[in-house]
Amino acid sequence: MFIAKHALWDGGLHPEDGNHALYHVEVREILRELGLNLTLANRYDTLFEKPDVDFVFPLLNRGGFLNSEMMLPLLCTRAGLPFLGASPILRGLADDKHLTKMAAHARGIPTAPWTVYRRGAPVDPARCPAGERLVIKPNASSASWGVQDAHDWAGVEAAVANIHSQNHDAIVEPFLNGSDVEVPVITIDGKPVVMPMMLFEQADPTHLRTYYEKRDLVDRAQKYQLVPFEDAEWMPIIAEHTRRMAEEFRPFDYGRFEFRLDREGGKVQFLEVNLQANLWSQKVYGRSANLAGLSQSQLIETILCESLRRHGLLEH
C-alpha cells in the first residue's frame with residue numbers, strides 16, 4: 001500500500017501543499033513502474049482495520065495535528081504490518097526538534113543553544129537563549145511551516161503565543177548566519193550510507209527561508225539555490241557528525257540530516273533530522289542520487305528493497 005496525502009492527485013501544484021503533490025505523484029508512478037501490486041490510499045482510516053496488504057509505503061506524515069508524524073507507523077504497528085521507515089518512537093524523536101537536539105548534544109555534536117516552550121507550561125523569559133535575532137517555530141513541523149523571527153522578548157513571546165494558539169509547542173533558538181548543508185542517508189546492506197551532500201546556497205546568509213519558498217508557492221530564485229556541496233574542508237567533518245547521529249535512529253531506511261554552515265565564522269551547527277524526508281527528484285534526495293549515479297527510480301527501488309529485506313519480505 002502506498003498511502004500519502006496526494007496519492008490520488010492528478011497532477012500540478014497543490015494550492016496549499018505546492019510541489020508536495022508532485023512528489024507524491026512521482027513516487028506513485030515509480031512504484032507502479034516497478035510492477036508492484038499497488039493499493040493507493042490517502043486517509044488514516046484506511047488503516048483503522050487491517051487492510052489486505054503485506055507492506056506499507058507511508059508518506060502521510062503531516063496530518064494537521066500535533067505529533068501526526070507517528071500516526072501511520074503506530075497504525076501499521078497496531079495492525080502488525082511492516083512499513084518503510086523508522087519505528088513510531090524514533091519517528092517521534094526525530095519529529096521533536098528539542099529531543100533531537102538533546103540527542104545531538106549528548107553525542108558531542110555542535111548544536112546552538114535553544115529552548116522549548118511546551119503548550120500549557122510557563123513561558124519563562126529566563127530560559128530564552130541569548131541573541132540579537134531569534135528564530136521561533138513549531139517544535140514539530142516541516143518545510144519551515146510557521147517559522148518567525150524576533151529581535152526582543154516581546155517579539156518572542158508573541159510568536160510563541162501564536163504557535164501555542166495553533167496547538168503546537170514552540171522552539172526558540174538564535175538565528176544562525178550561513179547556508180544549510182543537507183545530508184541524505186540511505187541504507188545499503190543494513191548499514192547507513194552518507195550520500196552526496198547538497199547545499200542550500202543563500203544569496204543573503206541572513207535570509208530566513210519560509211514554507212512558501214520551500215513549497216514553490218512563491219518565487220525564490222534570487223534568494224537561494226540547491227547546489228552540490230563539495231567543500232573538502234567541511235565535508236568529512238559533517239559526514240562524521242552525520243554518522244554519529246545516524247546511530248541514534250537505526251534502523252530508519254532513509255533520513256536527511258541538516259546542518260547550518262557559517263564558513264566566515266568557521267562554524268557548523270546541527271539543526272535537525274527528518275526521517276520522512278522529501279524524496280522528490282527536484283529536491284535534495286533526487287539531486288543527490290543523481291550525483292551518486294542513481295536514477296530517481298533506482299533511488300526509490302533501493303530504499304524500498306532494503307526495507308523489504310529488513311522486514312524479511314525479500315531474500316538478500
Side-chain angles (χ1 to χ4, degrees), residues 86 90 93-94 96-114 129-131 133 135 137 142 144 171 173-209 214 224-279 283-294 299 303:
L90 291 177
L93 171 61
D96 191 300
K97 294 177 173 60
H98 166 65
L99 296 180
T100 310
K101 288 178 184 292
M102 287 182 66
H105 183 72
R107 287 183 174 266
I109 298 169
T111 308
W114 79 94
R133 183 186 183 191
V135 175
K137 57 189 174 183
S142 64
S144 293
I171 189 168
E173 56 195 341
F175 179 86
L176 302 175
N177 287 347
S179 296
D180 290 354
V181 179
E182 308 283 336
V183 189
V185 177
I186 62 174
T187 302
I188 302 292
D189 292 332
K191 298 179 180 178
V193 174
V194 174
M195 294 176 64
M197 301 177 189
M198 304 296 295
L199 178 73
F200 278 111
E201 189 174 50
Q202 298 198 174
D204 176 3
T206 68
H207 175 65
L208 184 64
R209 291 193 293 143
K214 292 186 178 183
Y224 64 88
Q225 59 179 339
L226 184 62
V227 299
F229 182 67
E230 299 172 331
D231 189 309
E233 176 186 358
W234 287 103
M235 283 174 60
I237 296 172
I238 294 173
E240 177 58 23
H241 291 337
T242 300
R243 282 188 284 267
R244 285 159 61 191
M245 274 302 287
E247 291 302 310
E248 195 79 32
F249 298 97
R250 292 180 66 180
F252 57 90
D253 294 331
Y254 71 103
R256 190 182 69 237
F257 296 73
E258 301 182 9
F259 300 83
R260 175 59 62 94
L261 175 62
D262 178 6
R263 282 193 177 105
E264 291 186 7
K267 293 181 180 179
V268 65
Q269 304 271 13
F270 170 79
L271 292 178
E272 60 184 71
V273 176
N274 188 338
L275 294 187
Q276 191 80 77
N278 192 318
L279 295 170
K283 292 288 188 181
V284 170
Y285 259 91
R287 296 194 186 186
S288 174
N290 187 259
L291 291 172
L294 295 173
L299 169 68
I303 293 171

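Atom set for the values below is all heavy atoms of this structure, side chains included, hydrogens, waters and symmetry mates excluded. Just so it is clear, the structure is predicted and the values come from calculations on it, not from any experiment.
Residue Met102 qualifies as open at atom CE: its count of foreign heavy atoms under 6.0 Å is 12 or below.
The shortest heavy-atom contact between Val268 and Pro110 is O-CB, 3.4 Å. Summarising the geometry of Phe200 relative to Ser179, their closest heavy-atom pair is O-CB, 3.1 Å, with the distance given to 0.1 Å. The two atoms that bring Ala130 and Pro174 nearest to each other are O-CG, 3.6 Å, heavy atoms only. In terms of heavy-atom proximity, Gly255 sits nearest to Tyr285 at O-OH, 2.7 Å.
We find that Arg250 and Glu247 are joined by a salt bridge, their nearest charged nitrogen and carboxylate oxygen being less than 4.0 Å apart. Residues Lys97 and Glu173 are not paired through a salt bridge, judged by the lack of any N-O separation under 4.0 Å between the basic side chain and the carboxylate.
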**Request:** Decide yes or no on side-chain contact (heavy atoms from CB on, under 4.5 Å) for Leu275 and Phe249, but give the supporting numbers first.
**Result:** CA-CA 9 Å; Leu275 294 187; Phe249 298 97; 3.8 Å; yes

**Request:** For side-chain contact (heavy atoms from CB on, under 4.5 Å), just list the numbers for Glu248 and Val273, CA-CA rounded to whole Å, side-chain angles, deciding distance to a tenth of an Å, and then say yes or no.
**Result:** CA-CA 11 Å; Glu248 195 79 32; Val273 176; over 6 Å; no

**Request:** Go through Leu279 and Ile303 one step at a time and tell me if the side-chain contact (heavy atoms from CB on, under 4.5 Å) criterion holds.
**Result:** CA-CA 10 Å; Leu279 295 170; Ile303 293 171; 3.8 Å; yes

**Message:** As a quick check of understanding, evaluate side-chain contact (heavy atoms from CB on, under 4.5 Å) for Ile171 and Lys101, giving each step before the final call.
**Reply:** CA-CA 11 Å; Ile171 189 168; Lys101 288 178 184 292; 3.9 Å; yes

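One finds the CG atom of Leu199 at 8.0 Å from the CG atom of Leu226 (value rounded to the nearest 0.5 Å). Between the CG atom in Asp253 and the CD atom in Gln276 there is a gap of 10.0 Å [rounded to 0.5 Å]. Going from atom OH of Tyr254 over to atom CG of Asn274 covers 8.0 Å, rounded to the nearest 0.5 Å. Here the CG atom belonging to Asn290 is positioned 9.0 Å from the CE atom belonging to Met198, to the nearest 0.5 angstrom.
For the pair Phe270 and Met245, the minimum side-chain heavy-atom distance is below 4.5 Å. Contact annotation: the side chain of Val194 approaches that of Val183 to within less than 4.5 Å [non-hydrogen atoms, C-beta and beyond]. Side-chain contact check for Thr242 versus Phe259: some heavy-atom pair is nearer than 4.5 Å. When side chains are defined from C-beta on, Leu271 counts as touching Asp180, because their heavy atoms get closer than 4.5 Å. The side-chain heavy atoms of Trp234 and Leu261, taken from C-beta on, include a pair separated by under 4.5 Å.
Ser288 places no side-chain N or O within donor-acceptor distance of the main-chain N or O of Met197, the cut-off being under 3.5 Å. Arg244 contributes a side-chain N or O that, together with a main-chain N or O of Arg107, makes up a donor-acceptor pair within less than 3.5 Å. Using modelled atom types, one side-chain atom of Gln269 and one backbone atom of Ala112 make a donor-acceptor pair closer than 3.5 Å. At least one donor-acceptor pair closer than 3.5 Å links the side chain of Thr100 to the backbone N or O of Leu93.
Cation-pi geometry between Arg260 and Phe175 is met: under 6.0 angstrom from the ring centre, within 45 degrees of the axis.
Looking at Lys283, Arg256, Arg287 one by one, the single match for salt bridge (Lys or Arg N to Asp or Glu O under 4.0 Å) with Glu182 turns out to be Arg256. When each of Leu299, Val185, Ile188 is checked for a side-chain contact (heavy atoms from CB on, under 4.5 Å) with Met195, only Leu299 meets the rule.
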